[in-house]
Amino acid sequence: MAAVVGVEHYVGDPYQVLNVNINGTQNVLKLAHRYSKKVVMASTSEVYGRNPKVPFKEDDDRVLGSTRIDRWCYSTSKAAAEHFCFAYRKMGLPVVIVRYFNAYGRDWTRLTSAVC
């Protein structure tokens with residue numbers, strides 16, 4: 001579940017974001033495959049980008065801005081990591097991908113308290 005996150009990192013060091021998120025995922029997948037371990041990959045709702053279609057579905061299109069905009073490196077790194085997961089799944093590795101949304105903070109606390 002480790003990844004480089006945060007807008008300050010996307011803009012400040014896009015190389016590090018891409019390197020850690022893509023290569024780190026590959027390292028985990030290689031080892032999991034070697035030792036026959038299941039993988040849960042933590043992706044992000046950012047892979048949808050600016051897709052105006054709501055609610056999102058897993059197979060919806062990615063709608064991103066220009067590759068010259070550093071902000072999109074996080075979304076791209078997580079999408080590439082997902083592709084590696086799908087490739088390893090074809091090689092027999094049990095992989096589950098979860099796309100988290102930003103749902104925390106004061107409003108989330110009120111929501112969960114109301115639901116409980």
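In this text the structure is predicted, and so the values were computed from the model without any measurement.
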### Task
Sort and list the pairs that fulfil salt bridge (charged side-chain N to carboxylate O under 4.0 Å, His left out) and have at least one residue in residues 82-91, not counting sequence neighbours.
Glu82-Arg99
### Query
What ring-ring contact (aromatic ring centres under 6.0 Å, His included) pairs are there with at least one residue in residues 62-81, not counting sequence neighbours?
Tyr10-Tyr74
#### Entry: Side-chain touch Cys85/Leu29, heavy atoms, less than 4.5 angstrom
yes
### Task
Measure across Asn21 and Thr25 and return the closest heavy-atom pair with its distance rounded to 0.1 Å.
O-OG1, 2.7 Å
## Note on the structure
By side-chain contact (heavy atoms from CB on, under 4.5 Å), Ser66 pairs with (sequence neighbours left out) Arg68, Ile69
### Query
Residues in side-chain contact (heavy atoms from CB on, under 4.5 Å) with Ala32, at least two apart?
Lys37, Val39, Leu93
### Query
Apart from Tyr15 itself, what residues make up its hydrophobic cluster, given side-chain heavy atom links below 4.5 Å?
none
#### Entry: Pairs meeting criterion ring-ring contact (aromatic ring centres under 6.0 Å, His included) with involvement of residues 26-67, two or more places apart
His33-Tyr88, Tyr48-Phe56
### Task
Determine which pairs satisfy salt bridge (charged side-chain N to carboxylate O under 4.0 Å, His left out) with at least one residue from residues 45-61, sequence neighbours left out, and list them in order.
Glu46-Arg71, Lys53-Asp60
### Query
In terms of hydrophobic clusters joined by side-chain contacts under 4.5 Å, are Val11 and Val20 together?
yes
### Task
Return the set of residues passing side chain to side chain donor-acceptor pair (under 3.5 Å) with Gln26 (not counting sequence neighbours), or none when no residue passes.
Asn23
### Task
State which residues pass side-chain contact (heavy atoms from CB on, under 4.5 Å) with Ala80; sequence neighbours excluded, sorted by chain then number.
Ile22
### Task
Please identify each residue that fulfils side chain to side chain donor-acceptor pair (under 3.5 Å) with Thr44, with sequence neighbours left out.
none
#### Entry: same_hphob_cluster(Val95, Met91) at 4.5 Å side-chain heavy-atom cutoff
yes
### Task
Check whether Val96 and Tyr100 end up in the same hydrophobic cluster, where Ile, Leu, Val, Met, Phe, Trp and Tyr are linked by side-chain heavy atoms less than 4.5 Å apart.
yes
### Task
Can you tell me which residue pairs pass the salt bridge (charged side-chain N to carboxylate O under 4.0 Å, His left out) test with a partner in residues 5-25, sequence neighbours excluded?
none
### Query
Looking only at heavy atoms, which two atoms of Ser43 and Ile97 are closest? And how far apart?
CB-CG2, 3.8 Å
### Query
Which heavy-atom pair separates Val47 from Ala79 by the least distance, and what is that distance?
CG1-N, 3.9 Å
